[in-house]
Amino acid sequence: MGKFLTSREENYSQWYNELVVKADLAENSAVRGCMVIKPYGFAIWEKMKDALDQMFKDTGHENAYFPLFIPKSFFSKEAAHVEGFAKECAVVTHYRLRNKADGTGIEVDPDAKLEEELIVRPTSETIIWNTYKNWIQSYRDLPILVNQWANVVRWEMRTRLFLRTAEFLWQEGHTAHATKQEAIDETVQMINVYAEFAEKFMAMPVIMGHKTENERFAGALDTYCIEALMQDGKALQSGTSHFLGQNFAKAFDVKFSNKEGKLDYVWASSWGVSTRLMGALVMAHSDDNGLVLPPKLAPYQVVIVPIYKGEDQYRTVLEAGNKIKDQLKEYGISVKFDMRDTHKPGWKFAEYELKGVPVRLALGARDLENGTIEVARRDTLEKNTYPQEGIAKVVKDLLNEIQENIYQKAFKYRAEHTFSADTLEEFKDILDNKGGFVYAHWDGTAETELKIKEDTKATIRCIPVDNKLEEGKCIYTGKPSAQRVLFAKAY
RNA sequence: CGGGGUAUAGCACAGUCCGGUUAGUGUACCUGCUUUGGGAGCAGGGGGUCGCAGGUUCGAAUCCUGCUACCCCGACCA
């Protein structure tokens, strides 16, 4: 086992790249930096999307859709925003092609130049706030609680499947409020939704906190994030929620009459998670045999592999397998019964391990004789034989146990890779030799943060929301500090 | 954008230095038989503008020139 995949120890990065491709999640496309998400990978994304969408709706949000293209001029209206995104924008300049005069192909028709270039959205604040201007006149029009599922484009220099691609899928919530406090509450509520999703569905523990000024979203007054620790000791930012203050309302002149009849600018939040969560999911739990999926997000939770010799056995195993499949379905378990005779059982075992199916049932002549079935769990690779009678209940309980177990495993890993450092030497030693999260004192200046990054490649992932105050000295400058912040090398 | 590298079958690669039969190996694919409780075995078979364009030569995957694409390191990366 494992010989089909580079091991994590051998080369973590290569392990990840191979796993994503071999487990049929995604592959590189003919377009630089853009991936094809394959059916199996997309099925996982759909599960994530469905769960998140329900959580958004449960917190009062509605879905809508805004254009892919944004007029260039919109971007310049919010100074920090344009500064943050300008270097990675794809731009549409023409609207027509024509045949080349020499007949060797087609070319952009120079006569079809757009009056104003269009930016392929890297995020939609500008087009949405330009729209909200028309939607909002009175406090009675507020709040607006809108989410959109969309694709965005950021022209990244170096890309990796799911973790950083030039085009990616995400959701972006954009809300408008009458008061500052309401917008802040919304921002906090949504980062909590993300944290709950990460922990309950992805089985991935996260640390919630504020970004420092350096790492903040371009145009935000405060950015909340959730940070997860991957198995190579690097942090992955998995979701962000921004309190935008009145910045975009001012940039797009979105005012409303409050109850006192006075005009005021609208308060805003925006929040998003992307297909990067797929990368997080892969790296959080998987092992050298392949993916390990949490039952709540697995495209199918159970696979039944038949084992048979000859036509007679084929028929009896098929019949028995279908009965078990039906039992499982009654318990709300998603099942795939793989009756293909084009692959052997051993091949299928390896295949479904690679694809991370949480539970595998093997059913053969031996089992039919004894009224039993073999149950293998992906997370621990343990195999046990149970009576067919009542198997659905056993599997249901096992799925819950697996969901819990992989969370605990990830939690334990994080606990074992979270450290405190009091000096720069100690700090570097941890990063170089152990990896993981490091809590350390910092003097609170952007300058020091940048110097630490230059020196150690570690960045401040966040200032945790539940942080205890503690007197100390900055590990870099020795200046006084009131609390430790969370450092790590990051993706 | 700087430094380095690569381009040969679906995929992974050898062959290139030192030009010379019909461009090869693994894997995948197709057919047949035997197999089926952890990625089966044997036999047979199909698949190539050797990245593109030009040049040198009796002869180019191989040498020369130009171009293009991709990869790695750095820079960049809410």
Side-chain angles (χ1 to χ4, degrees), chain A residues 1-6 11 13-14 17-18 21-22 27-33 80-81 83-89 104-105 122-123 125 152 154-160 163-166 168 170 172 210-227 235-244 270-274 276 289-290 305-311 313-314 317 338-355 360-370 372-374 376 381 383 385 453-454 457 459-462 490-491:
Chain A
M1 280 192 284
K3 63 182 170 178
F4 300 96
L5 198 59
T6 299
N11 185 338
S13 179
Q14 196 178 334
N17 292 336
E18 282 182 16
V21 172
K22 290 188 174 173
E27 62 190 28
N28 277 308
S29 72
V31 184
R32 193 202 74 97
H81 193 66
E83 169 78 21
F85 284 105
K87 282 179 283 183
E88 51 187 38
C89 285
T104 58
T123 180
E125 275 78 5
V152 288
R154 296 180 187 177
W155 214 257
E156 302 288 355
M157 301 290 245
R158 296 183 64 179
T159 58
R160 288 188 77 190
L163 297 175
R164 181 174 294 111
T165 45
F168 54 94
W170 77 343
E172 45 181 328
H210 300 266
K211 282 293 182 194
T212 61
E213 204 179 331
N214 274 336
E215 300 269 329
R216 197 176 284 162
F217 178 77
L221 297 185
D222 192 3
T223 288
Y224 287 79
C225 63
I226 52 172
E227 294 283 330
L236 184 71
Q237 178 179 302
S238 308
T240 47
S241 183
H242 315 290
F243 170 57
L244 303 173
S270 71
W271 28 274
V273 294
S274 71
R276 179 179 247 204
N289 294 316
V305 177
I307 301 158
Y308 55 86
K309 295 177 195 170
E311 281 288 313
Q313 285 192 8
Y314 175 89
V317 171
D338 188 352
M339 278 305 286
R340 286 179 299 173
D341 61 356
T342 49
H343 296 282
K344 295 179 60 178
W347 190 92
K348 291 177 184 173
F349 292 169
E351 176 72 6
Y352 291 115
E353 245 154 47
L354 187 59
K355 288 187 148 189
R360 184 187 71 232
L361 303 179
L363 187 64
R366 208 162 71 197
D367 296 300
L368 293 185
E369 234 172 77
N370 303 327
T372 57
I373 189 160
E374 184 187 82
L381 298 170
K383 287 194 276 195
T385 302
K453 182 180 177 182
E454 274 171 35
K457 293 197 172 169
T459 50
I460 299 175
R461 301 321 304 152
C462 70
Y491 275 93

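Remember, it's a predicted structure, so these values are computed and weren't measured experimentally. Lettering of chains follows the sequences in order, A, B, ..., and the numbering in each one begins at 1.
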Counting side-chain heavy atoms from CB outward, which of B/U36, B/A78, B/G74 is closest to A/Lys457?
B/G74

Categorize A/Arg276 for me: base, sugar-phosphate, or nothing, with a 4.0 angstrom heavy-atom threshold over every strand shown.
nothing

Rounded distance (Å) that lies between atom P of B/A78 and atom CD of A/Glu213:
15 Å

With a 3.5 angstrom cut-off on both distances, give the Watson-Crick or G-U wobble partner of B/A14, or none if there isn't one.
none

Among the candidates B/G38, B/C77, B/G37, find the nucleotide nearest to the side-chain atoms of A/Ala362.
B/G37

Contact nearer the 5' end of RNA chain B, comparing A/Asn17 with A/Pro345:
A/Pro345

If I take atom CD in residue A/Glu18 and atom C1' in nucleotide B/C11, what distance separates them, rounded to the nearest angstrom?
12 Å

Where the side chain of A/Ala218 is concerned, which of B/G38, B/A78, B/C77 is the nearest nucleotide?
B/A78

Need one value for A/Ala220: base, sugar-phosphate or nothing, where a base atom within 4.0 Å counts as base even if backbone is also close, heavy atoms only.
nothing

Separation between the P atoms of B/A9 and B/U25, rounded to whole Å
14 Å

With both distances under 3.5 Å as the test, what is the Watson-Crick or G-U wobble partner of B/U31?
B/A43

Paired to B/U6 by Watson-Crick or G-U wobble criteria (both distances under 3.5 Å) is B/A69

5′-ward residue of the pair A/Gln237/A/Tyr308 relative to RNA chain B
A/Tyr308

Pairing nucleotide - B/C58, Watson-Crick or G-U, each distance under 3.5 Å:
B/G20

B/A75: pairing nucleotide in any strand, Watson-Crick or G-U under 3.5 angstrom
none

Heavy-atom pair of closest approach, residues A/Thr385 and A/Thr372
CG2-CB, 3.5 Å

When rounded to the nearest Å, what value does the distance between P atoms of B/C67 and B/G4 take?
16 Å

For A/Thr223, the option from A/Glu215, A/Lys211, A/Gln237 that meets side chain to side chain contact (heavy atoms under 4.5 Å, CB included):
A/Lys211

Base, sugar-phosphate, or nothing: which does A/Glu215 touch, judged by heavy atoms less than 4.0 Å apart?
base

Taking B/A28 as the reference, what is the distance to B/C64 when you measure between their C1' atoms (whole Å, please)?
38 Å

Under 4.0 angstrom, heavy atoms only, what part of the nucleic acid is A/Lys344 near: base, sugar-phosphate, or nothing?
base

To the nearest angstrom, how far is A/Ile307 atom CD1 from B/U35 atom P?
18 Å

In whole angstrom, give the distance that lies between atom CG of A/Asp338 and atom P of B/U36.
18 Å

Please classify the nucleic acid contact of A/Asn214 as base, sugar-phosphate, or nothing, using heavy-atom distances under 4.0 Å.
nothing

Interatomic distance, A/Thr6 atom OG1 to A/Gln14 atom CD [nearest 0.5 angstrom]:
4.0 Å

Inter-residue atom distance A/Phe217.CZ - A/Leu244.CG, 0.5 Å rounding:
6.5 Å

Counting side-chain heavy atoms from C-beta on, which of B/C76, B/A78, B/G37 comes nearest to A/Lys87?
B/C76

Between NZ of A/Lys22 and C1' of B/C11 the distance, given in whole Å, is 10 Å

Using the P atom as the reference point in each nucleotide, state the distance between B/U22 and B/C18 in Å, no decimals.
24 Å

Rounding to 0.5 Å, atoms OG1 (A/Thr165) and CD (A/Glu156) come to a distance of 8.5 Å

In whole angstroms, how far is the P atom of B/C77 from the CH2 atom of A/Trp155?
18 Å

Measuring only the P atom in each nucleotide, how far is B/C50 from B/C58? A whole number of Å is fine.
22 Å

Test the A/Arg164-A/Tyr491 pair against the cation-pi criterion, namely NZ or CZ under 6.0 angstrom from the six-membered ring centroid and within 45° of the ring axis.
no

Rounded at 0.5 Å granularity, tell me how far NE2 in A/His210 sits from CD1 in A/Ile460.
13.5 Å

Take the protein atom CE of A/Met339 and the nucleotide atom P of B/U36, then report the distance between them rounded to whole Å.
16 Å

Is there, by distance only and without an angle test, a donor paired with an acceptor across the side chain of A/Lys383 and the base of B/G37 below 3.5 Å?
no

Spacing of A/Phe85 atom CZ relative to B/A78 atom P, expressed in whole Å
8 Å

P-based separation of B/U8 from B/A53 [nearest Å]
15 Å

Rounding to an integer number of angstrom, what distance separates B/C77 and B/C17 when you compare their C1' atoms?
41 Å

Distance, C1' atom - from B/U57 to B/A61, rounded to whole angstrom
16 Å

